[in-house]
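Predicted model, so just to flag it, every value in this text is computed and none were measured.
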Amino acid sequence: MKTLRSAKPGETVKVTGIKGEGALKRRIMDMGVTKGVNIYVRKVAPFGDPVEVTVRGYELSVRKADAEMIEVD
């Protein structure tokens with residue numbers, strides 16, 4: 001399964017699921033990243049951390065570890 005971490009800058013992906021559970025999953029969902037939402041990958045830092053994305057009309061920086069938990073299509 002492809003994750004947000006493997007998405008390239010300029011690519012728009014759709015969230016198919018979020019791995020993990022508990023407080024970490026809840027925090028990701030509270031940021032607006034839920035199943036079915038489109039995410040536009042704006043930039044990826046040189047070492048891959050963080051990933052800058054646009055979700056639901058606002059900009060968000062996601063850590064590499066969190067991006068690995070977000071499954072996309």
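- Annotation: the span from Y40 atom OH to E52 atom CD amounts to 11.0 Å, rounded to 0.5 Å.
- For R27 and D66, the salt-bridge test passes: some basic side-chain N is under 4.0 Å from an acidic carboxylate O.
- Residue A7 comes nearest to V41 through the heavy atom pair CB-CG2, 3.7 Å, listed as atom of the first residue, atom of the second, then distance.
- At distances below 3.5 Å, not a single donor-acceptor pair connects side-chain atoms of D73 with backbone N or O atoms of T16.
- How far CD of E21 is from CZ of R26: 14.0 Å, rounded to the nearest 0.5 Å.
- With K19 as the partner, the side-chain contact (heavy atoms from CB on, under 4.5 Å) test is satisfied by one option alone out of I70, I28, T3: T3.
- For the residue pair T54 and E59, the shortest heavy atom distance occurs at OG1-CG, 4.1 Å.
- Side-chain polar atoms of T34 and R56 form a donor-acceptor pair below 3.5 angstrom.
- In terms of heavy-atom proximity, V72 sits nearest to L4 at CG2-N, 3.9 Å.
- Of all non-hydrogen atoms in A67 and V51, the two that sit nearest each other are CB-CG2, 4.4 Å.
- Distance check, rounded to the nearest 0.5 Å: OG of S61 to CZ of R63 gives 11.5 Å.
- With hydrogens and angles ignored, the 3.5 Å screen pairs no side-chain donor or acceptor of E68 with any backbone N or O of A65.
- Of all non-hydrogen atoms in V33 and I18, the two that sit nearest each other are O-CD1, 3.2 Å.
- Minimum interatomic distance between V44 and P9 (heavy atoms only, all atoms of both residues): CG2-CG, 3.9 Å.
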message: Checking V13 against N38 for the side-chain contact (heavy atoms from CB on, under 4.5 Å) test, could you report, in this order, the C-alpha distance in whole Å, the side-chain angles of both residues, the deciding distance, and whether it holds?
response: CA-CA 6 Å; V13 294; N38 288 325; over 6 Å; no
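- Electrostatic pairing of K35 and E71 does not count as a salt bridge here, judged by no charged N lying under 4.0 Å from a carboxylate O.
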